[in-house]
Amino acid sequence: MMLTALGLMSGTSLDGVDVALIETDGKQVKAFGPSGYRAYSPAERNLLRLALSEAVNLTQRDARPGILSEAERAVTQAHAEAVAAFVAQNRMKPEEIDIVGFHGQTVLHRPEKRLTVQIGDAPALARAIHIPVMHDFRAADVDAGGQGAPFVPVYHRALANSLEREGPIVVVNIGGVSNITYIDGNDTLIACDTGPGNALLDDFMYRTMNQAFDAEGKFAALGKADEAWIARALELPFFAAPPPKSLDRNDFAALKLGDVAPADGAATLTAFTAAAIARIIPLLPRRPRSWIVCGGGARNLTMLRMLRERVGSATVEAAETLGWASDAIEAQAFGFLAARGLKGLPLSYPATTGVPMPMTGGVIARP
């Protein structure tokens with residue numbers, strides 16, 4: 001049975017809420033619907049930054065001390081507004097949507113402690129939008145000893161299988177953190193985080209230039225990457241570890257560039273993201289033939305160029321060139337995962353998160 005599923009995603013980049021509609025049975029996508037976006041205001045973004053810094057002390061996934069309670073209300077309200085605007089703009093009624101997939105905002109990810117925390121009040125959201133909401137996708141995986149991330153690989157596979165091209169294909173999502181899905185036919189699905197995505201670069205741009213990000217990579221294009229610094233950073237044990245593996249947004253925040261010109265710093269951090277992605281190649285079963293880049297990093301032309309320089313003869317293309325809605329893919333994925341969760345289908349696998357067996361997940365909150 002096909003379901004009309006609305007996916008919501010607020011990523012580690014802290015930019016806003018993506019909304020996307022798909023029609024799916026949880027195995028394939030029958031149709032792509034419209035997508036939307038609700039940006040976080042500067043005040044909301046600052047509140048979330050404070051919540052990230054406070055969340056490092058959490059030991060229980062449902063605790064919301066101090067600023068985290070305020071941040072959770074803000075996240076829930078932003079998502080409710082995003083859905084209301086989407087439904088109004090597309091002249092829909094809530095009853096036309098079967099399920100909403102609500103990821104929430106990750107504020108802490110510590111799978112080694114069996115702890116992952118996404119803030120967002122799903123029952124309150126369901127009441128506000130009058131649609132059933134599936135949430136808490138990662139908890140079951142982490143409770144079972146999995147990494148709890150990345151969670152989009154099953155959706156990447158559904159998209160890649162529709163291309164009918166020779167594999168292996170790697171789908172790279174460059175958000176705050178970068179992750180890859182390695183697809184080689186129906187039988188081989190491997191995934192992991194590869195290292196920083198836009199988080200280090202965005203934080204650097206905010207700190208040095210008071211800009212939220214480096215638009216199209218134009219600033220990094222003016223600078224020179226410090227390859228020695230990148231080589232030292234890649235010596236961290238994470239990069240040599242085989243998949244599956246995952247990261248918290250702030251895991252590399254301790255890396256300091258030192259006293260560098262802003263353009264050189266941006267170039268170095270952009271190249272570091274590209275180098276970290278390419279570093280996964282020797283850890284994969286076969287060398288990929290094509291790399292498809294989605295997420296915010298797909299719009300960073302300097303990052304795409306730097307990745308092409310590091311992956312040899314393989315093709316590197318932005319997801320948009322294939323007709324995929326790059327900005328909406330993660331939101332679409334959580335609609336897809338909500339449909340899979342409703343049907344009891346696995347959301348994660350041993351080779352994607354390290355979980356002992358294929359795991360379903362998600363909890364439903366009804367209006």
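Bear in mind that the values here come from a model prediction, so they are computed numbers and not experimental data.
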Would you sort out whether R38 and E44 count as a salt bridge (charged side-chain N to carboxylate O under 4.0 Å, His left out), showing the intermediate values?
CA-CA 12 Å; R38 192 273 195 195; E44 288 168 335; 2.7 Å; yes

Are R286 and Y182 in a cation-pi contact, defined as NZ or CZ under 6.0 Å from the six-membered ring centre and within 45° of the axis?
no

Would you name the heavy atoms of A338 and I99 that are closest together and state the gap between them?
CB-CG1, 3.9 Å

Please test I169 against I292 for side-chain contact (heavy atoms from CB on, under 4.5 Å), starting from the C-alpha separation and ending with a verdict.
CA-CA 8 Å; I169 298 169; I292 301 167; 3.8 Å; yes

When rounded to the nearest 0.5 angstrom, what distance separates CG in L21 from OG in S35?
9.5 Å

Is it the case that one hydrophobic cluster holds both I131 and F86, taking links as side-chain heavy atoms less than 4.5 Å apart, direct or via other members?
yes

side-chain contact (heavy atoms from CB on, under 4.5 Å) assessment of V171 paired with W324:
CA-CA 12 Å; V171 180; W324 298 2; 4.3 Å; yes

Transitively linked via ILVMFWY side-chain contacts under 4.5 Å: I281 with V170?
yes

Heavy-atom side-chain contact between L58 and L68 under 4.5 Å
yes

Got K245 and C192 here, is their nearest side-chain heavy-atom distance under 4.5 Å?
yes

Minimal heavy-atom distance between L345 and T360, with the atoms involved, is O-OG1, 3.1 Å

Pair R73-S69, side chain to side chain donor-acceptor pair (under 3.5 Å): steps then yes or no:
CA-CA 6 Å; R73 284 193 297 274; S69 178; 3.1 Å; yes

What do you reckon, is CZ of F204 surrounded by more than 12 foreign heavy atoms closer than 6.0 Å?
yes

Partner of S10 under side-chain hydrogen bond (donor to acceptor under 3.5 Å, both in side chains), chosen from E330, Q118, Q105:
Q105

F239 meets the ring-ring contact (aromatic ring centres under 6.0 Å, His included) criterion, sequence neighbours left out, with F252, F272

Where do G66 and E54 come nearest, in terms of heavy atoms and distance?
CA-OE2, 3.4 Å

Please check this pair: side chain of S326 against backbone of G295, looking for a donor-acceptor N/O pair closer than 3.5 Å.
yes

Backbone of L201 reached by a side-chain donor or acceptor of N198 within 3.5 Å:
no

As an exercise, state the distance from OG1 of T353 to CG of D141, rounded to the nearest 0.5 Å.
3.5 Å

Using side-chain hydrogen bond (donor to acceptor under 3.5 Å, both in side chains) as the criterion, point out the one residue from R110, H109, R61, R138 that pairs with T116.
H109

Cation over ring face, R340 and F334, 6.0 Å, 45°
no

Does W229 use its side chain to pair, donor to acceptor, with the backbone of G258 at less than 3.5 Å?
no

D121 versus P123: any side-chain heavy-atom pair under 4.5 Å?
yes

Evaluate the side-chain proximity of V311 to V316: yes if any heavy-atom separation is below 4.5 Å, no if none is.
yes

Would you kindly confirm whether F151 and V177 end up in one hydrophobic cluster when ILVMFWY residues are joined by side chain heavy atoms under 4.5 Å apart?
no

Just verifying a value: how many Å separate E23 CD and K30 NZ, rounded to the nearest 0.5 Å?
4.5 Å

Show your working on side-chain contact (heavy atoms from CB on, under 4.5 Å) between Q332 and F32 and close with a plain yes or no.
CA-CA 8 Å; Q332 289 171 350; F32 299 101; 3.7 Å; yes

Can a donor-acceptor pair be found, under 3.5 Å and without considering hydrogens, that links the side chain of D214 to the backbone of A220?
yes

How long is the straight-line distance from OG1 of T315 back to CZ of R165, given to the nearest 0.5 Å?
5.5 Å

Side chains of I329 and H156, heavy atoms from C-beta outward: is any pair under 4.5 Å?
yes

Crowding at NZ, K218 (>12 non-hydrogen neighbours, <6.0 Å)
no

Heavy-atom pair of closest approach, residues G217 and N300
CA-OD1, 3.2 Å

Working to the nearest 0.5 angstrom, can you tell me the gap between I119 CD1 and T106 OG1?
9.0 Å

For the residue pair V117 and R64, establish whether any side-chain heavy-atom pair is separated by less than 4.5 Å.
yes

Under 4.0 Å between a Lys/Arg side-chain N and an Asp/Glu carboxylate O for E227 and R310?
yes

Yes or no on side chain to side chain donor-acceptor pair (under 3.5 Å) for Q211 and Y206, after CA distance, side-chain angles and deciding distance?
CA-CA 5 Å; Q211 294 178 19; Y206 182 74; over 6 Å; no

Heavy-atom check, side chain of T352 versus side chain of L189, under 4.5 Å
yes

Tell me, with the steps shown, if R207 and D203 meet side-chain contact (heavy atoms from CB on, under 4.5 Å).
CA-CA 6 Å; R207 204 166 53 243; D203 290 350; 4.1 Å; yes

Can you confirm whether or not the ring centre of F102 sits under 6.0 Å from the ring centre of H79?
yes

Minimum heavy-atom separation for V355 and Y349, please, with both atom names.
CG1-C, 3.7 Å

One should read off an interatomic distance between I190 CD1 and T181 OG1, to the nearest 0.5 angstrom, of 10.5 Å

Hey, mind stepping through R45 and D202 against salt bridge (charged side-chain N to carboxylate O under 4.0 Å, His left out) and telling me if it holds?
CA-CA 13 Å; R45 197 175 291 126; D202 289 352; over 6 Å; no

Could you go through E166 and R289, starting from their C-alpha distance and side-chain angles, then the distance that decides it, and tell me whether this counts as salt bridge (charged side-chain N to carboxylate O under 4.0 Å, His left out)?
CA-CA 8 Å; E166 192 173 347; R289 287 174 176 266; 3.2 Å; yes

I'd like to know if the side chain of D193 reaches the main chain of L247, judged simply by a donor and an acceptor atom lying under 3.5 Å from each other, with no hydrogens or angles considered.
yes

Sub-3.5 Å donor-acceptor pair from the side chain of D98 to the main-chain atoms of T4, do we have one?
yes

For the residue pair I174 and V293, establish whether any side-chain heavy-atom pair is separated by less than 4.5 Å.
yes

Residues P168 and D184: closest non-hydrogen pair is CG-OD2, 3.8 Å

For the pair K343 (side chain) and M1 (backbone), establish whether a donor and an acceptor sit closer than 3.5 Å, ignoring hydrogens and angles.
yes

With Q147 via side-chain hydrogen bond (donor to acceptor under 3.5 Å, both in side chains) - residues at least two apart
S246

Quick check: does any side chain N or O of E81 sit under 3.5 Å from a backbone N or O of A78, one acting as donor and the other as acceptor?
no

Closer than 3.5 angstrom, by distance alone: can the side chain of N90 be matched with the main-chain N or O of M92 as a donor-acceptor pair?
no

State whether the side chain of D18 and the backbone N or O of Y37 hold a donor-acceptor pair below 3.5 Å, judged by distance alone.
no

Show the numbers, then the answer: is there a side chain to side chain donor-acceptor pair (under 3.5 Å) between D226 and T268?
CA-CA 5 Å; D226 184 341; T268 299; 5.5 Å; no

